[in-house]
A.B. asks: 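Take a look at this one; I'll ask things after.
Residue numbers run from 1 in the order of the sequence given.
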Amino acid sequence: MAIRVLIADDHAILRQGIKRVLNFESDIEVVGETGEGQETLAKTLMLQPDILLLDLNMPGLTGMEVARQLQSTKCSTKIIALTIHDNDTYVIEMLKNGASGYLLKDVNPEVLVKAIHVVNDGGAYIYPELEERIFGKLRADEDITEKAKEIWEAEKAERLTDREMEVLACIAKGFNNQEIAKTLFVSEKTVKNHLTNIFRKLGVSDRTQALIYVLKHNIMRLD
């Protein structure tokens with residue numbers, strides 16, 4: 001029986017490229033594709049694919065949020081993150097939220113196919129360079145959950161994109177959403193999406209808490 005795969009990425013060209021690669025494999029079947037987080041969650045629950053290839057940066061729900069919500073259900077789909085992020089924090093957090101694999105988007109096609117087979121068979125597959133780097137931080141007698149928490153706290157600010165840092169700077173100046181949108185030449189909806197991501201990444205719930213975090217951790221100069 002073929003391994004059923006759902007591809008989730010907000011770039012249609014990349015989805016088509018992955019689909020072409022997988023279509024060459026006689027034992028892999030692409031059962032669908034999505035470009036938005038909420039749609040990914042819905043299609044995964046509906047189609048119950050064996051493997052979900054999941055991008056982390058998607059509109060609506062992020063890949064991290066999709067993984068977190070799927071973990072709270074009885075869905076048996078195994079998740080392989082396919083992303084541009086090679087940050088240790090992302091890898092550890094995705095593993096904590098149920099992912100069985102983590103690959104970078106520039107991976108060779110044969111590695112992608114290998115990862116799908118390994119994960120489908122019940123194993124885990126992390127891009128080799130990432131695996132070596134992350135587990136090099138762990139001693140055999142260390143608790144991985146505690147170490148993951150330590151790395152997560154130490155690298156929080158590193159997970160913010162340049163654009164998110166710009167939004168943070170606007171928050172520090174007291175700008176509202178409309179003023180931020182005008183300053184950065186984006187829509188208010190985009191600003192709201194950035195704010196949602198910033199609050200989630202920093203582990204805060206509002207602008208005030210975000211500003212306190214910025215001040216406490218000296219993330220940027222506010223003068």
A.B. asks: Show the nearest heavy-atom pair for residues Ala81 and Met94, with the distance to one decimal.
C.D. replies: CB-CE, 4.0 Å

A.B. asks: Should Tyr102 and Ile80 count as side-chain neighbours, where that means a heavy-atom distance under 4.5 Å?
C.D. replies: no

A.B. asks: Where the side chain of Lys78 meets the backbone of Leu52, is there a donor-acceptor pair that is under 3.5 Å apart?
C.D. replies: no

A.B. asks: In terms of hydrophobic clustering (I, L, V, M, F, W, Y; side-chain heavy atoms under 4.5 Å; direct or indirect links), are Phe24 and Ile18 co-clustered?
C.D. replies: no

A.B. asks: Would Met58 and Glu39 satisfy side chain to side chain contact (heavy atoms under 4.5 Å, CB included), going step by step from the backbone distance to the final call?
C.D. replies: CA-CA 10 Å; Met58 289 191 296; Glu39 179 189 18; over 6 Å; no

A.B. asks: Please confirm whether the backbone N or O of Tyr90 pairs with a side-chain atom of Glu93, one donor and one acceptor, at under 3.5 Å?
C.D. replies: no

A.B. asks: With a 4.5 Å cut-off on side-chain heavy atoms, are Gln16 and Glu33 touching?
C.D. replies: yes

A.B. asks: Going by atom types only, do His11 and Asp55 share a side-chain donor-acceptor pair under 3.5 Å?
C.D. replies: no

A.B. asks: Assess whether side chain to side chain contact (heavy atoms under 4.5 Å, CB included) is satisfied between Leu22 and Val113, documenting all intermediate values.
C.D. replies: CA-CA 7 Å; Leu22 298 185; Val113 171; 4.3 Å; yes

A.B. asks: From Leu82 CG over to Leu14 CG, what is the distance, rounded to the nearest 0.5 angstrom?
C.D. replies: 6.5 Å

A.B. asks: Just verifying a value: how many Å separate Thr190 OG1 and Ile180 CD1, rounded to the nearest 0.5 Å?
C.D. replies: 12.0 Å

A.B. asks: Side-chain heavy atoms nearer than 4.5 Å, only ILVMFWY residues, links allowed to pass through others: does that put Leu195 and Phe185 together?
C.D. replies: no

A.B. asks: Identify the two heavy atoms, one from Gly123 and one from Ser100, that lie closest to each other, and give their separation to 0.1 Å.
C.D. replies: O-CB, 4.0 Å

A.B. asks: Evaluate the side-chain proximity of Leu6 to Leu53: yes if any heavy-atom separation is below 4.5 Å, no if none is.
C.D. replies: no

A.B. asks: With rounding to the nearest 0.5 Å, note down the distance linking OG1 in Thr44 to CD1 in Ile51.
C.D. replies: 11.5 Å

A.B. asks: Is there a donor-acceptor pair under 3.5 Å between the side chain of Thr183 and the backbone N or O of Glu179?
C.D. replies: yes

A.B. asks: Looking at CD of Gln38 and NZ of Lys43, how far apart are the two atoms once the value is rounded to the nearest 0.5 Å?
C.D. replies: 13.5 Å

A.B. asks: Does any N or O in the side chain of Asn176 come within less than 3.5 Å of the main-chain N or O of Gln178, such that one atom is a donor and the other an acceptor?
C.D. replies: yes

A.B. asks: So Ile126 and Val91, do their side chains get closer than 4.5 Å, heavy atoms only?
C.D. replies: yes

A.B. asks: Just so I know, are the side chains of Ile84 and Leu104 near enough to count as touching, which here means a heavy-atom distance under 4.5 Å?
C.D. replies: no

A.B. asks: Quick one: does any side-chain atom of Thr40 pair with a main-chain N or O of Glu36 as donor and acceptor, under 3.5 Å?
C.D. replies: yes

A.B. asks: Would a 4.5 Å heavy-atom cut-off, applied to side chains only, mark Glu25 and Ile3 as touching?
C.D. replies: no

A.B. asks: Does some side-chain heavy atom of Pro59 sit less than 4.5 Å from a side-chain heavy atom of Asn193?
C.D. replies: no

A.B. asks: Would you say Gln48's side chain and Leu45's backbone share a donor-acceptor pair under 3.5 angstrom?
C.D. replies: yes

A.B. asks: Before giving the answer on side chain to side chain contact (heavy atoms under 4.5 Å, CB included), spell out for Leu112 and Tyr125 the whole-Å C-alpha distance, their side-chain angles and the decisive distance to 0.1 Å.
C.D. replies: CA-CA 10 Å; Leu112 173 61; Tyr125 193 96; over 6 Å; no

A.B. asks: Identify the heavy atoms of Gly63 and Leu54 that sit nearest to each other, and give their distance.
C.D. replies: O-CD2, 3.3 Å

A.B. asks: For residues Glu164 and Lys201, report the shortest heavy-atom separation together with the two atoms involved.
C.D. replies: OE1-NZ, 2.9 Å

A.B. asks: Walk me through it: do Ile79 and Val119 pass the test side chain to side chain contact (heavy atoms under 4.5 Å, CB included)?
C.D. replies: CA-CA 8 Å; Ile79 298 172; Val119 170; over 6 Å; no

A.B. asks: How many angstroms lie between atom NE2 of His194 and atom SG of Cys170, to the nearest 0.5 angstrom?
C.D. replies: 10.5 Å

A.B. asks: Whether Arg15 and Asp10 form a salt bridge (side-chain N of Lys/Arg under 4.0 Å from carboxylate O of Asp/Glu) is what I want to check.
C.D. replies: no

A.B. asks: To the nearest 0.5 angstrom, please state how far the CG atom of Asn97 sits from the CD atom of Gln71.
C.D. replies: 5.5 Å

A.B. asks: Should Asn57 and Thr62 count as side-chain neighbours, where that means a heavy-atom distance under 4.5 Å?
C.D. replies: no

A.B. asks: State whether the side chain of Asp50 and the backbone N or O of Arg4 hold a donor-acceptor pair below 3.5 Å, judged by distance alone.
C.D. replies: yes

A.B. asks: Could you tell me which non-hydrogen atom of Val21 sits nearest to which non-hydrogen atom of Pro109, and how far apart they are?
C.D. replies: CG1-CB, 3.8 Å

A.B. asks: Return the minimal non-hydrogen interatomic distance between Val66 and Gly37, and the atom names on each side.
C.D. replies: CG2-O, 3.5 Å

